[in-house]
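Reviewing the structure listed below.
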Amino acid sequence: MAQREGQRLERGIGLFQATATNMSQMMGAGPFITIPIILQEMGGPQAVFGWMTGAILAALDGLVWSELGSAMPGEGGTYVYLREAFQYRSGKLMPFLFIWSTIIVTPLIMSTGAIGLTQYLGYFFPHMTGLESKLVAVFITIITIALLWRRIHSVAKLTTVLWIGVILTVVMVIIAASTHFNAHVAFSFPPNAFAPSKFLLGLGSGMLLSIYDYLGYYTASYLGDEVSNPGKTIPRAILMAILFVAIIDLSMNIGIIGNIPWQTAMKSTDIGTQLVQSVWGRPGAIMITLLIIWTCFASVYAGLLGASRLPYNAARDGLFFKSFAKLHPKLNFPHVSLLVMGTIMAICCFFNLTTIINALMAMAIVIQFMGQIVALTVLRKRQPNLKRPFRQWLYPVPSMLAFIGWAYVFYSAGWAAIRLAIIWTAFGIIAFLIWAYRKKEWPFGEKVIQEVYVTPSAKTGKHEFID
């Protein structure tokens with residue numbers, strides 16, 4: 001892989017830590033805050049189909065990430081894939097737009113974890129005002145930054161500890177749900193629940209929220225330069241995380257609505273606590289609430305860890321502000337990027353939860369997820385000799401199905417979120433043109449093609465030519 005001069009990141013993340021990082025990000029606040037919302041959107045326990053289709057989309061997309069991540073294990077994940085694939089036609093436009101969207105999208109994702117954490121803190125502090133809960137979310141952000149302020153080896157160990165707490169949480173919820181599970185309660189569908197027009201409209205919204213719950217299965221890809229044996233570790237960590245979390249989430253979600261009638265569950269703000277309290281009383285509720293808070297924090301921690309590496313890699317390529325390319329002189333991690341992303345996350349904590357989820361999904365889908373699927377196809381054609389330790393199974397069928405799924409989810413985000421995504425992307429294109437003009441880059445200069453991961457020279461780790 002490509003290496004740049006100067007300080008280099010350390011490869012301190014193995015398969016277990018990579019899988020734990022992915023799962024910690026996936027299994028954070030998501031299920032514990034979106035179950036009521038999905039029930040509302042789909043109008044009943046048919047929400048199970050939203051959860052299932054979300055898992056299928058994550059699995060299909062995971063095959064895209066696995067091939068790209070194993071072939072191009074660079075710091076920044078999608079940024080690297082878009083940079084390599086689209087440089088032939090549009091220079092650095094696509095990776096620039098990805099970083100542009102990420103500056104907003106990733107902190108939005110992390111803020112949902114902090115907001116979910118404060119919702120469960122409300123069990124202990126029921127009189128906490130809206131403003132106070134938002135300030136607590138900001139405080140959680142500050143704590144997360146402080147705990148990430150260390151070497152990657154220490155971060156990997158702490159990630160493992162947090163992951164253990166996450167697993168304990170979901171196991172406890174699943175056990176509590178299974179002991180009093182009632183299939184009649186779980187599948188008490190309302191009249192006309194599967195009327196095509198109503199069901200398909202609700203399914204789109206359900207998929208959007210469900211796939212949000214799965215976001216994070218690719219977190220290890222953002223840490224490519226810090227993963228040991230990335231060609232094998234990254235795809236295994238992605239696919240194992242998706243499989244395990246799909247089993248856990250479906251068991252937990254169905255178990256919850258098999259104990260609490262969906263008409264009640266859809267109005268809950270602390271559904272996990274409510275379930276365990278109904279089974280094991282207040283002592284159990286206190287324990288599970290603390291564990292859910294732990295789980296939410298683990299998600300925020302893993303997410304901000306991966307997010308802080310994105311602007312760093314872009315800055316190393318000269319596509320973002322130079323200060324983001326700096327590593328901490330002693331601890332050897334991108335501290336400027338961590339601080340900036342953390343600050344934006346703190347600001348995002350002041351927005352409404354549902355608005356945040358819809359907006360972040362709409363802004364992320366086209367450039368990142370759909371763009372990345374196209375990138376895989378382009379790279380198959382443009383770089384056929386690229387070493388691919390993992391190749392997508394049954395290519396191109398998973399890519400095509402994932403592309404259709406993401407398009408459906410994008411449409412389901414609603415016009416308000418889509419409009420925001422269009423406006424933000426338009427501003428990004430303007431910003432790119434200004435940057436390109438000042439740097440004399442394409443379309444105002446020569447297009448430099450750098451195939452970083454193909455036939456690298458011993459000295460620079462890449463070859464290049466002018467188009």
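A quick note: this is a predicted structure, and the numbers were derived from the prediction, not measured.
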Original post:
Checking side chain to side chain donor-acceptor pair (under 3.5 Å) against Tyr88, which of Glu451, Lys381, Lys447, Arg382 comes through?
Top reply: Glu451
Original post:
Is any side-chain heavy atom of Leu291 less than 4.5 Å from a side-chain heavy atom of Val170?
Top reply: no
Original post:
According to the interplanar angle, ranging from 0 to 90°, do the rings of Trp65 and Tyr217 count as parallel (below 30°), tilted (30 to 60°) or perpendicular (above 60°)?
Top reply: perpendicular
Original post:
If you take all heavy atoms of Met361 and Val409, which pair is closest and at what distance?
Top reply: CE-CG1, 4.4 Å
Original post:
Quick one: does Gln17's side chain get under 4.5 Å of Glu226's, heavy atoms only?
Top reply: no
Original post:
How close do Ile115 and Ala137 get, heavy atom to heavy atom, and via which atoms?
Top reply: N-CB, 4.4 Å
Original post:
Is a donor on one side and an acceptor on the other found under 3.5 Å between the side chain of Glu67 and the backbone of Gln392?
Top reply: yes
Original post:
Would a 4.5 Å heavy-atom cut-off, applied to side chains only, mark Tyr79 and Tyr222 as touching?
Top reply: no
Original post:
Is the shortest heavy-atom distance from the side chain of Val48 to the side chain of Asn253 under 4.5 Å?
Top reply: no
Original post:
Between OG of Ser412 and CD1 of Ile418, what distance do you get to the nearest 0.5 Å?
Top reply: 8.5 Å
**OP:** May I ask you to decide if Gly206's main-chain N or O and Ser210's side chain share a donor-acceptor pair within less than 3.5 Å?
**Re:** no
Subject >> Backbone of Phe32 reached by a side-chain donor or acceptor of Tyr120 within 3.5 Å >> reply: yes
Original post:
How are the rings of His335 and Phe333 set to each other: parallel, tilted or perpendicular (split at 30° and 60°)?
Top reply: perpendicular
Original post:
Distance from Tyr214 atom OH to Asp249 atom CG, nearest 0.5 Å?
Top reply: 5.0 Å
**OP:** Without swapping roles, check the side chain of Thr219 against the backbone of Thr21 for a donor-acceptor pair under 3.5 Å.
**Re:** no
**OP:** Quick one: pull up NZ in Lys92 and CD in Gln87 and give me the separation to the nearest 0.5 Å.
**Re:** 9.5 Å
Original post:
Do Tyr81 and Leu376 have side chains that get closer than 4.5 Å, going by heavy atoms?
Top reply: no
Subject >> OH (Tyr411) with more than 12 external heavy atoms under 6.0 Å >> reply: no
**OP:** Measure across Leu108 and Ile356 and return the closest heavy-atom pair with its distance rounded to 0.1 Å.
**Re:** O-CG2, 3.4 Å
Original post:
Do you know which two heavy atoms are closest between Gly428 and Leu97, and how far apart they sit?
Top reply: C-CD2, 3.6 Å
**OP:** State whether the number of non-hydrogen atoms from other residues, nucleotides or ligands found under 6.0 Å of Phe403 atom CZ is greater than 12.
**Re:** no
Original post:
What do you reckon, is NZ of Lys387 surrounded by more than 12 foreign heavy atoms closer than 6.0 Å?
Top reply: no
Original post:
Is there side-chain contact between Met341 and Met110, with heavy atoms separated by less than 4.5 Å?
Top reply: no
Subject >> Minimum heavy-atom distance Ser70-Phe390, with the two atoms named >> reply: OG-N, 3.3 Å
Original post:
Tyr212 and Thr112: side-chain donor and acceptor closer than 3.5 Å?
Top reply: yes
Subject >> Ser101 and Gln368: CA distance, side-chain angles, deciding distance, side chain to side chain contact (heavy atoms under 4.5 Å, CB included) verdict >> reply: CA-CA 9 Å; Ser101 65; Gln368 179 173 20; 5.9 Å; no
Subject >> Within 45° cone and under 6.0 Å: Lys322 NZ/CZ vs Phe324 ring >> reply: no
Original post:
Side-chain contact, heavy-atom cut-off 4.5 Å: Phe49 with Met207?
Top reply: no
Original post:
Do Trp100 and Phe427 make the cut of ring centroids closer than 6.0 angstrom?
Top reply: no
Subject >> Closest non-hydrogen atom pair between Ile248 and Met23, with its separation >> reply: CD1-CE, 4.3 Å
Subject >> Matching residue for Phe98 among Ile103, Leu82, Val80 - test: side chain to side chain contact (heavy atoms under 4.5 Å, CB included) >> reply: Leu82
**OP:** Decide side chain to side chain contact (heavy atoms under 4.5 Å, CB included) for Ile164 and Leu168; before the verdict, give the C-alpha distance in whole Å, the side-chain angles of both, and the deciding distance to 0.1 Å.
**Re:** CA-CA 6 Å; Ile164 292 172; Leu168 181 60; 5.6 Å; no
Original post:
Got Leu386 and Met72 here, is their nearest side-chain heavy-atom distance under 4.5 Å?
Top reply: yes
Subject >> Heavy-atom neighbours of Phe139 CZ exceed 12 at 6.0 Å >> reply: no
